[in-house]
S.K.: 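Mind looking over this structure? Questions follow.
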Amino acid sequence: MDRVVILGFPCMSQQRSILITGGSRGIGAAVVALAAEQGFNVCFSYLNNQSAAETVVASAKDKGRRVMAVQSDVSVETDVLSLWKTAISTFGRIDALVNNAGVLDLQSRLEDVEMPRLRRIIDTNVIGSILCAREAVRHMSTRNGGRGGSIVNLSSISARLGSPHEYVDYAASKGAIDSLTIGLSKEVATEGIRVNAVRPGTTITDIHAAGGEPDRVERVKSRIPMQRGGEAVEIANAIMWLVSDEASYTTGAILDVSGGL
Ligand code: NAP
């Protein structure tokens with residue numbers, strides 16, 4: 001597919017810039033909106049949904065920041081390299097990465113799972129996040145001449161619960177995100193980069209339709225101590241706190257944002 005870049009308003013040069021993967025819908029779109037509101041220039045990626053990406057750009061543009069959407073598959077290394085190149089050449093530097101893009105598949109027992117599904121889940125959720133984190137370290141680490149920065153990875157409460165009878169493969173991919181967060185945070189702790197994760201609980205987005213049950217939140221909400229699903233903006237608030245200087249002594253943290261689950 002041809003690369004599609006959609007641009008919002010021009011930027012002022014001293015603004016901070018953030019790269020968000022999977023910003024066209026759900027939690028990623030909420031992070032784009034909040035980051036623009038907080039004064040960041042935003043580059044976000046999406047996989048296929050150009051019209052959703054255009055809507056996100058149009059609404060974040062109202063906040064007067066430069067917002068850029070790039071079609072880029074996180075599971076493809078050349079796409080990730082090109083995404084970073086586009087973001088850096090447009091904004092000059094990137095101060096924060098939100099590793100948000102993630103997928104699951106139809107609810108299933110593990111014994112019924114086929115290889116193409118496994119490849120897509122692991123390549124998107126694990127390899128994609130690792131590739132983007134690698135590029136962030138290459139760009140941000142003071143060891144490499146960078147100015148430091150912040151990385152926030154999207155894990156899931158499923159990393160703790162395991163998601164039996166639904167998507168154990170997805171849960172395992174999120175367990176890997178927790179390990180990535182712990183290991184990388186220690187590796188770059190003296191290089192100006194903080195690495196943290198947010199573990200959302202059941203959040204109201206399209207992802208449940210991808211699992212074959214659009215109304216899943218209604219079915220499972222009685223298991224959640226707060227008795228409701230989360231809103232995407234409630235996850236975005238936690239992510240942007242971890243990005244912010246208010247979290248300057250927080251690294252290697254994995255923050256549950258899950259209504260008590
Ligand atoms: P969502 O509504 O399904 O949105 C997924 C986003 O990721 C879309 O913008 C999509 O782009 C993009 N995307 C998918 N595959 C991609 C790829 N290969 N390369 C680049 N972008 C890609 O998902 P969500 O619920 O907001 O979830 C966001 C993150 O939170 C995921 O990592 C998910 O695992 C995690 N999480 C969600 C929940 C929940 O209950 N919602 C709970 C725990 C954790 P297109 O629009 O182009 O398809």
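It should be emphasised that the depicted structure is a prediction, and the values quoted were computed from it without experimental measurement. For ligands, and for the atoms within them, numbers begin at 1 and follow the listed sequence.
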S.K.: Quick one: does T21 get a heavy atom under 4.0 Å from ligand 1?
M.R.: no
S.K.: Can you hop from V76 to I122 via hydrophobic side chains spaced under 4.5 Å?
M.R.: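 Shared cluster, no.
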S.K.: Which residues pass the side chain to side chain contact (heavy atoms under 4.5 Å, CB included) test with D112, not counting sequence neighbours?
M.R.: S108, R109
S.K.: Take R16 and D95, measure what salt bridge (charged side-chain N to carboxylate O under 4.0 Å, His left out) needs, and give me the verdict at the end.
M.R.: CA-CA 6 Å; R16 290 171 303 163; D95 304 288; over 6 Å; no
S.K.: As an exercise, identify every atom of ligand 1 less than 4.0 angstrom from a heavy atom of N49.
M.R.: 45 (P), 46 (O), 47 (O)
S.K.: Does one hydrophobic cluster hold both V152 and I207, with members joined at side-chain heavy-atom distances below 4.5 Å?
M.R.: no
S.K.: Membership question, hydrophobic clusters at under 4.5 Å side-chain separation (ILVMFWY): are L34 and I18 in the same one?
M.R.: yes
S.K.: Answer yes or no: does an N/O atom from I157 fall short of 3.5 Å to an N/O atom of ligand 1?
M.R.: no
S.K.: Determine, using heavy atoms of G229 and all atoms of ligand 1, whether some pair is separated by less than 4.0 Å.
M.R.: no
S.K.: Hey, is ligand 1 close enough to T203 that some N/O pair sits below 3.5 Å?
M.R.: yes
S.K.: As an exercise, identify every atom of ligand 1 less than 4.0 angstrom from a heavy atom of I27.
M.R.: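 By the 4.0 Å cutoff, the relevant atoms are 26 (O), 30 (O), 37 (C).
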S.K.: Looking at ligand 1, would A29 count as a contact under a 4.0 Å heavy-atom criterion?
M.R.: no
S.K.: Any atoms of ligand 1 less than 4.0 Å from a non-hydrogen atom of Y46? List them with their elements.
M.R.: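 So the atoms of ligand 1 that pass are 21 (N), 47 (O).
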S.K.: Between S45 and ligand 1, does any nitrogen or oxygen pair lie at a separation below 3.5 Å?
M.R.: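 No, S45 has no N/O under 3.5 Å of an N/O on ligand 1.
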S.K.: Can you name the atoms of ligand 1, numbered from 1 with element, that are less than 4.0 Å from a heavy atom of Y170?
M.R.: 33 (C), 34 (O), 35 (C), 36 (N), 43 (C), 44 (C)
S.K.: Going by the atom numbers of ligand 1, which of them fall below 4.0 Å from some non-hydrogen atom of S156?
M.R.: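 This gives 43 (C), 44 (C) as the contact atoms.
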S.K.: Side chain, backbone, both or neither: which part of P200 has a heavy atom under 4.0 Å from ligand 1?
M.R.: both
S.K.: For the residue pair R160 and L261, what are the closest heavy atoms and their distance?
M.R.: NH2-O, 2.8 Å
S.K.: Under 4.0 Å from a heavy atom of D73: which atoms of ligand 1 are those, numbered in the order shown and with their elements?
M.R.: 17 (C), 18 (N), 19 (N)
S.K.: Any nitrogen or oxygen of G22 lying under 3.5 Å from a nitrogen or oxygen in ligand 1? Just yes or no.
M.R.: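 Between G22 and ligand 1 (N or O atoms, distance only) the closest approach is under 3.5 Å.
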